[in-house]
**Student:** 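One structure is given below, represented as structure tokens, and several questions about it will come after.
As the structure is a computational prediction, the values presented were derived from the model and not from experiment. Proteins come first, then strands; the chains are lettered A, B, ... in the order of their sequence lines, and each starts at number 1.
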There are 2 protein chains.
Amino acid sequence: MAQRQGGTALTRTELDSWRVFVETTDELRATLAGRLQADSGISAGDYRVLLELSEAPDRRMRSSHLADAIGWERSRLSHHLGRMEKRGLIRREAAAGDNRGAQAVLTDEGRTALRRSSVPHFHAIRELFLDALTPAQLAAARDVAETLRGHLDALKADGS
Amino acid sequence: MAQRQGGTALTRTELDSWRVFVETTDELRATLAGRLQADSGISAGDYRVLLELSEAPDRRMRSSHLADAIGWERSRLSHHLGRMEKRGLIRREAAAGDNRGAQAVLTDEGRTALRRSSVPHFHAIRELFLDALTPAQLAAARDVAETLRGHLDALKADGS
DNA sequence: CTACGGTAGTTGACACGTCATTCATCACGG
DNA sequence: CCGTGATGAATGACGTGTCAACTACCGTAG
């Protein structure tokens, strides 16, 4: 258990802001994932992988490259690809030139699943997220997210 | 697979805003959970349950009431309480007056774990979230979250 | 060629979440 | 009192995520 030193205590407002932010974004994520699953029978992770592969040249990608692209650990991706392969959404092929490598290849079935899921998924994004916010709020949400991403990336770069 | 009807297609800006928002908030959530686990050996779920119980009268709560309070399905809570009980963080007792009921009771060990985790957890919230944002951004984030929560709650109320 | 550190990927163990099912108990009409 | 439907909670199956270990291969120094 690593130890970290604390600074100033959190104010009530800070704590409340944090709580509503994290709980609501989490609920939004879970709701969207549930919709995707119910509408199209694929998980949020499946969707992420299918989308990335569908945009890759020749609809295939080196496993570690794919992991980087979607920000997953290799192990997580490996487990997920295993499950997706079992369902026929992707298949694995050896990488040319490097016998360690594996490629994930989008199958026709995978393409179909992605295409089938897109419209309901976009609709859910609109209904659950976009429709809720004014244009100003949407811009603010984006600004907050981009700021947070920069902050997290900077911390991660420092920490390693 | 339920069918939903789509409306207007998403613009590039809408899609980008959505993506950075959901991916960043998800990463924030995962990072915070990892910190909590590394710093204090408890998960985000553990923390949520411990916190709620610690604030309850007599540090005990009816299982279904606890589930409502933290917005979890009863099944999820049941599984989680099982794991927490195995580790001695809580124990279960029969509810007085309703023999179907179960109460979750915070153990001394659970109180200790919660107290031990609070300072590093608050510190992580400050470091990963509060420090990243200007006061205006923090207010905007809260406003967005509260708006989204209201929207999600309204949809959920409609849908049932 | 061999040794060796680094890289790519997989695997196993375990915690977590969801869904469907099951079980005991409660409330209430008869 | 009995039957019946609703409620509180637990459970099993399965997909998901993380961590640590492991295998296989690469490149290079000697």
**Student:** I'd like to check B:Leu36 versus B:Ser117 (side-chain heavy atoms, cut-off strictly below 4.5 Å). Are they in contact?
**Tutor:**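 In contact.
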**Student:** Would you kindly give the CD-to-C1' distance between A:Glu93 and C:dT10, to the nearest whole Å?
**Tutor:**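 Those two atoms, CD and C1', are 18 Å apart.
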**Student:** Rounded to whole angstrom units, what separation is found between the CG atom of A:Leu66 and the C1' atom of C:dG9?
**Tutor:**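 In whole Å, C:dG9 C1' and A:Leu66 CG are 13 Å from each other.
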**Student:** Tell me whether the side-chain N or O atoms of A:Arg74 pair up with the base of C:dG9 as donor and acceptor below 3.5 Å, since no angle test is needed here.
**Tutor:**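 Such a pair exists between side chain and base.
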**Student:** What I want to check is whether the side chains of B:Asp16 and B:Thr13 have a donor and an acceptor closer together than 3.5 Å.
**Tutor:**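 There is no such pair (donor and acceptor under 3.5 Å, judged by atom type) between the side chains of B:Asp16 and B:Thr13.
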**Student:** Looking at side-chain heavy atoms only, is the closest gap between A:Glu109 and A:Arg87 below 4.5 Å?
**Tutor:**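 When only atoms from C-beta onward are counted, A:Arg87 and A:Glu109 do not touch, as no gap falls below 4.5 Å.
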**Student:** So for the helix from C:dC1-D:dG30 to C:dG30-D:dC1, with five pairs setting each end axis, what is the inter-axis angle to 10°?
**Tutor:**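 One end's axis against the other's: 10°.
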**Student:** Please report the interatomic distance CD1(B:Ile125) to CG(A:Leu15), rounded to the nearest 0.5 Å.
**Tutor:**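 Reported to 0.5 Å precision, the distance equals 6.5 Å.
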**Student:** Is the base of C:dT7 touched by the side chain of A:Arg100 through a donor-acceptor pair closer than 3.5 angstrom?
**Tutor:**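 Such a pair is found, so the answer is yes.
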**Student:** Go through DNA chain D in 5' to 3' direction and return only the first and the last nucleotide with some atom under 4.0 Å of chain A's heavy atoms.
**Tutor:**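 The contacted stretch runs from D:dG15 to D:dC26.
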**Student:** Hey, does A:Ser78 reach any base, or is it just sugar-phosphate, or nothing, if we go heavy atoms under 4.0 Å?
**Tutor:**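 Counting heavy atoms under 4.0 Å across all strands, the contact made by A:Ser78 includes a base.
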**Student:** In this structure, how many angstroms lie between the P atom of C:dG12 and the CD atom of A:Glu73, rounded?
**Tutor:**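 Atom-to-atom, A:Glu73 to C:dG12, this comes out as 18 Å.
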**Student:** Taking for each residue the nucleotide of DNA chain C bearing the nearest heavy atom, is the 5' side occupied by A:Ser75 or by A:Ala30?
**Tutor:**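 On the 5' side of the pair lies A:Ser75.
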**Student:** Tell me: CH2 of A:Trp72 to C1' of C:dA8, nearest whole Å?
**Tutor:**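 Answer to the nearest Å: 18 Å.
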**Student:** Quick one: A:Met84 CE to C:dT10 C1', roughly how many Å, whole number?
**Tutor:**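 It is 17 Å, rounded to the nearest whole Å.
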**Student:** What is the separation between atom NE2 on B:His79 and atom P on C:dA15, rounded to the nearest whole Å?
**Tutor:**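 Atom NE2 in B:His79 sits about 13 Å away from atom P in C:dA15.
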**Student:** Between A:Val105 and A:Arg92, is any pair of side-chain heavy atoms under 4.5 Å apart?
**Tutor:**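 No, too far: nothing below the 4.5 Å cut-off.
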**Student:** Can you say whether a donor on the side chain of B:Ser43 sits under 3.5 Å from an acceptor on the base of C:dC16, or the other way round?
**Tutor:**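 Looking at the base of C:dC16, it does not pair with any donor or acceptor on the side chain of B:Ser43 (distance under 3.5 Å).
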**Student:** Side chains of A:Arg126 and A:His123: do they bring a donor and an acceptor to under 3.5 Å?
**Tutor:**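 The criterion, which ignores hydrogens and geometry beyond distance, is not satisfied for A:His123 and A:Arg126.
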**Student:** Once you round it to whole Å, what is the distance between C1' of C:dG17 and CG of B:Leu77?
**Tutor:**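 Distance check: B:Leu77 CG to C:dG17 C1' gives 12 Å.
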**Student:** On DNA chain C, does the nearest nucleotide to B:Arg83 precede the nearest nucleotide to A:Gly34 from the 5' side, or the other way round? Give the residue.
**Tutor:**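 It is B:Arg83 whose nearest nucleotide is closer to the 5' end.
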**Student:** With sequence neighbours excluded, what pairs up with B:Glu55 under the side-chain contact (heavy atoms from CB on, under 4.5 Å) test?
**Tutor:**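 A:Arg19, B:Leu51.
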**Student:** Looking just at side-chain N and O atoms, do B:Thr147 and A:Gln137 make a donor-acceptor pair shorter than 3.5 Å?
**Tutor:**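 Their side chains do contain a donor-acceptor pair, which is all the 3.5 Å distance test asks for.
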**Student:** Closer to the 5' end of DNA chain D via nearest nucleotide, is it A:His80 or A:Asn99?
**Tutor:**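 Closer to the 5' end of DNA chain D: A:His80.
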**Student:** Starting from the 5' end of DNA chain D, give me the residue, A:Gly45 or B:Gly101, whose nearest nucleotide shows up first.
**Tutor:**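 Nearest-nucleotide comparison on DNA chain D picks B:Gly101.
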**Student:** Do the ring planes of A:His121 and A:Tyr47 sit parallel (below 30°), tilted (30 to 60°) or perpendicular (above 60°)?
**Tutor:**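 Judged by the thresholds at 30° and 60°, the geometry between A:His121 and A:Tyr47 is tilted.
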**Student:** So which heavy atom on B:Leu89 is nearest to which on B:Thr107, and how close?
**Tutor:**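 Shortest heavy-atom separation between B:Leu89 and B:Thr107 comes out as O-OG1, 2.9 Å.
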**Student:** Look at all strands and tell whether A:Arg92 reaches a base, only sugar-phosphate, or nothing, counting heavy atoms closer than 4.0 Å.
**Tutor:**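 Sugar-phosphate: the residue A:Arg92, judged by heavy atoms under 4.0 Å, touches backbone atoms but no base.
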**Student:** How close or far is atom P of C:dC19 from atom CZ of B:Arg76, stated in whole angstroms?
**Tutor:**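 So the CZ-P distance, B:Arg76 to C:dC19, works out to 11 Å.
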